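Note that the coordinates shown come from a computational prediction; the quantities given were computed from them, not determined experimentally.
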Amino acid sequence: MFSHEQLSSFCAVFDKGSFSAGARLLQKDRSTVREHISIMEDTIGVPLFVVEGRSAKPTETAYKLYPRAMVLVKQLKEFCLEAYSSFEHEISVLNVFYDAMIPSGLIASVEQGMGSAWPSIRINWLQRSRRESLDGLVEGQGHLALLPIKNTLHTEREVIFTNLGVVRCAVYASPTHRLLNQEKVRLADLQLEKQYIVENHYLANLQASVISPHFHLVSSTEVLMALLKDQGWALLPEQTAQIYEQVGYIKRLDVEELINTVNFNICTFHSPAMEQHPVVSDLLAVIREYAKAYLK
């Protein structure tokens with residue numbers, strides 16, 4: 001039977017590529033991490049890593065064991081968070097982290113639903129990056145996060161996620177942009193123009209978020225819209241863009257290679273410590289109802 005410490009050391013060395021880097025990740029001595037790996041190798045009778053200079057190269061056996069080890073380590077961390085947490089404390093303020101891609105209709109729906117069920121609870125909507133959101137959930141600074149999903153079955157931190165559905169995005173530019181005068185607009189045309197990207201989407205490495213090599217990062221949607229009035233283009237959620245399109249700030253561009261919208265899946269994330277809390281359970285229920293109706 002392997003211990004949690006041994007499996008954690010194995011995963012850390014596998015991820016970081018050396019015993020020293022793995023030890024720094026776990027905040028342990030290199031000798032301790034090396035001892036954990038040695039015990040595992042002695043137990044199974046085959047090496048897990050081959051040391052080449054300062055690097056630790058995984059063996060074929062290590063590649064086979066790593067996915068299961070990673071799941072076990074993550075599940076044990078989640079178990080500990082839930083086991084040591086008390087669900088008796090009251091929540092008077094809900095901190096919800098969210099990404100700029102989250103539809104405003106979802107936020108409004110939560111405000112209405114939670115206002116009816118829990119009128120005394122104040123909800124803080126805090127726009128944060130993916131890393132800040134997940135770290136905040138684990139550290140107890142937030143209760144829920146609404147974020148785009150990365151193309152992986154595993155989250156970076158010990159949190160529980162639920163896939164809500166898709167947010168549909170399209171290309172938008174100023175109504176006076178020269179591309180709107182072209183008979184056809186192709187991806188190659190977009191690549192020659194300045195693209196504005198919400199910073200959180202770039203940092204989260206969302207697929208298809210970067211199209212033009214001439215991209216500029218912008219932290220807020222309001223600033224991005226102001227910039228679009230004069231130049232450039234952006235890939236924006238339809239629901240967000242609709243408000244600005246109605247007042248004439250921007251106009252949708254039909255791109256030859258994009259017959260339909262570019263879709264990004266969004267998810268809820270929460271700590272295992274909040275799994276059974278009635279306030280968070282009701283919050284998730286309101287979000288799920290919205291997702292069933294609008295995020296298909």
Checking [X] side chain against [Y] main chain: does a donor-acceptor pair fall under 3.5 Å?
X      : Y      : value
Gln127 : Asp99  : no
Gln182 : Lys184 : yes
Gln6   : Ser3   : yes

Identify whether the distance between the nearest side-chain nitrogen and carboxylate oxygen of Arg186 and Glu257 falls below 4.0 Å. yes
Any Lys/Arg nitrogen of Glu238 or Arg252 sitting under 4.0 Å from an Asp/Glu carboxylate oxygen of the other?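 Result for this pair is yes, salt bridge flagged.
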Looking at NZ of Lys296 and NZ of Lys292, how far apart are the two atoms once the value is rounded to the nearest 0.5 Å?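 Output value for this atom pair is 10.5 Å.
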Could you measure the distance from the CG atom of Asp189 to the CZ atom of Arg178? Nearest 0.5 Å is fine. 7.0 Å
Would you please say whether a donor-acceptor pair under 3.5 Å links the side chains of [X] and [Y]?
X      : Y      : value
Asp29  : Ser31  : no
Ser18  : Ser20  : no
Ser8   : Glu5   : no
Glu199 : Ser219 : yes
Glu275 : His270 : yes

Are more than 12 heavy atoms from other residues, nucleotides or ligands located less than 6.0 Å from atom CD of Glu60?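 12 or below, so no.
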State yes or no: are the ring centers of Phe10 and Phe49 separated by less than 6.0 Å?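 Yes.
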So, Tyr202 versus Phe215, ring centres under 6.0 angstrom or not?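 When the ring centroids of Tyr202 and Phe215 are compared, they turn out to be within the sub-6.0 Å range.
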side-chain contact (heavy atoms from CB on, under 4.5 Å) between Val96 and His143: does it pass, once the steps are laid out? CA-CA 6 Å; Val96 180; His143 301 92; 5.9 Å; no
Would a hydrophobic clustering, with Ile, Leu, Val, Met, Phe, Trp and Tyr connected at side-chain separations under 4.5 Å, put Leu258 with Phe264? yes
With the 4.5 Å side-chain cut-off for hydrophobic clustering, are Leu224 and Leu253 part of the same group? no
Side chains of Thr32 and Leu26: closer than 4.5 Å at any heavy-atom pair? no
